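Structure record follows, encoded as structure tokens.
A, B, ... follow the sequence lines: proteins, then strands. Residue 1 opens every chain. All of these numbers come straight from a predicted model, not from anything done at the bench.
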There are 2 protein chains.
Amino acid sequence: MSAPPKLVIDPHSNVPVYRQVVDNLRSLLVEGALQPGTTLPTVRELGLELGVHFNTIAEAYRLLASEGWLDLKRRRGAVVTERSAPQPPPDALANFRRNLRQLIAQVRAEGLSVGSIAHELDRLNRELSA
Amino acid sequence: MSAPPKLVIDPHSNVPVYRQVVDNLRSLLVEGALQPGTTLPTVRELGLELGVHFNTIAEAYRLLASEGWLDLKRRRGAVVTERSAPQPPPDALANFRRNLRQLIAQVRAEGLSVGSIAHELDRLNRELSA
DNA sequence: GTTGTTTGTATACATACAATGTACAAATGT
DNA sequence: ACATTTGTACATTGTATGTATACAAACAAC
């Protein structure tokens, strides 16, 4: 069980740990690296591996379950479910635009060059369409 | 004074208000919509406009000042400063990659199509290089 | 030069959130 | 039956967020 893809969490980030876990796992789920039927590590296992309390992992799993990605059951663990894409809320695109713009502004402020940012965008885009 | 570009903040977001203000303003600063020498609205003005306490705005201004964007002084207000791009930290690119990937995963999970995401990426990229 | 006004700043407080500790409940194997 | 392995529930503790209120500095008016 539990093909554990390495999750990277930063305990000093201002983003709370449980949301970092959610974001990491959701990436893997969306990209298909975690297929339906897969069993995730138990909350205690993953908590130990990441150095946080298992309740923090349980909170993350519950969030993903509420998004429809996981099915949680005692004694059996967290299993990835089938899930069809929902209808996007009407402001989804506008929000995405804003968040993307702010993310780019943030890294430009950090000193990343426009060139390397553009390169990354292109790379991701190519990866998407593939 | 204070050509007030419309900031959009969502009091129900899980992102705290002062950081929403920071993110919005940083976008405008990076993109040059707020030129050095510009005076921002006073903390009380902007607080009133956004419906939050002025100390919340003051916190945001202080963060931007600590990033080098603003110069704060009593009685004169918040003035946009000259600022040269710093040396990016060594993990900046990797972090950007991860954040971008997670942002895309998030909106795909919300139901946005790969096509519209790709289109947005392309648009932003073109806008960057322009 | 005193006074009032306009700014940002400092501190104290209430509330909410994040992470943990501990006890529990359910499912399964022996 | 019993023990074990899972997720769950709830209380506790520390930290973050947002507000209220008082303060300090700079400048203008007189």
Side-chain angles (χ1 to χ4, degrees), chain A residues 1-4 7-26 34 37-81, chain B residues 1-4 7-25 29 34 37-81:
Chain A
M1 76 181 80
S2 74
L7 303 201
V8 181
I9 68 123
D10 171 13
H12 302 97
S13 165
N14 47 356
V15 179
V17 173
Y18 79 93
R19 211 169 323 147
Q20 293 183 54
V21 174
V22 168
D23 290 342
N24 268 281
L25 287 177
R26 190 171 36 224
L34 290 171
T38 310
T39 300
L40 294 187
T42 70
V43 293
R44 282 158 233 257
E45 274 174 10
L46 189 51
L48 200 63
E49 183 183 323
L50 299 182
V52 298
H53 197 273
F54 65 80
N55 272 342
T56 300
I57 306 298
E59 173 72 13
Y61 278 9
R62 255 175 257 133
L63 256 181
L64 288 170
S66 81
E67 288 183 17
W69 292 107
L70 299 183
D71 187 53
L72 301 178
K73 207 171 265 178
R74 293 178 213 225
R75 177 71 196 188
R76 196 210 42 192
V79 178
V80 178
T81 59
Chain B
M1 76 182 78
S2 72
L7 303 200
V8 181
I9 68 123
D10 171 11
H12 302 98
S13 165
N14 46 357
V15 179
V17 174
Y18 77 93
R19 212 168 325 146
Q20 292 184 54
V21 174
V22 168
D23 291 342
N24 268 281
L25 287 177
L29 289 161
L34 290 172
T38 310
T39 300
L40 293 187
T42 68
V43 293
R44 283 159 231 255
E45 274 173 9
L46 188 52
L48 200 63
E49 184 182 323
L50 299 183
V52 297
H53 197 272
F54 65 82
N55 273 342
T56 300
I57 306 299
E59 174 72 12
Y61 278 9
R62 255 176 256 132
L63 256 181
L64 288 169
S66 82
E67 288 184 17
W69 293 107
L70 298 184
D71 188 53
L72 301 178
K73 207 171 266 178
R74 294 179 214 226
R75 174 72 197 189
R76 195 210 43 192
V79 179
V80 178
T81 60

Determine the minimum heavy-atom distance between A:H12 and A:D10, stating which atoms define it.
->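 In this case the closest contact between A:H12 and A:D10 is N-OD1, 2.8 Å.
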Find the distance [X]:[atom1] to [N]:[atom2] and express it as a whole number of Å.
| X | N | atom1 | atom2 | answer |
| --- | --- | --- | --- | --- |
| A:E59 | C:dA18 | CD | P | 8 Å |
| B:L63 | C:dG8 | CG | P | 16 Å |
| A:I9 | C:dA19 | CD1 | C1' | 11 Å |
| A:D71 | C:dA27 | CG | P | 13 Å |
| A:Q20 | C:dA19 | CD | C1' | 13 Å |
| B:L70 | C:dT9 | CG | C1' | 16 Å |
| A:E45 | D:dG7 | CD | C1' | 13 Å |
| A:I57 | C:dT20 | CD1 | C1' | 13 Å |

Between [X] (side chain) and [Y] (backbone), is there a donor-acceptor pair under 3.5 Å?
| X | Y | value |
| --- | --- | --- |
| B:T56 | B:G47 | no |
| B:T39 | B:V79 | no |
| B:R76 | B:D71 | yes |

Are side-chain heavy atoms of B:L64 and B:V21 found at a separation under 4.5 Å?
->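 No, side chains not in contact.
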Each nucleotide of nucleotides 18-30 of chain D classed B (base within 4.0 Å of a protein heavy atom), S (only sugar-phosphate) or -, in 5' to 3' order, makes SBBB--BSBS---
Criterion side chain to side chain contact (heavy atoms under 4.5 Å, CB included) against A:L70, the qualifying member of A:L40, A:L25, A:T38, A:T81 =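 That would be A:L40; it is the only one of A:L40, A:L25, A:T38, A:T81 passing the side chain to side chain contact (heavy atoms under 4.5 Å, CB included) with A:L70.
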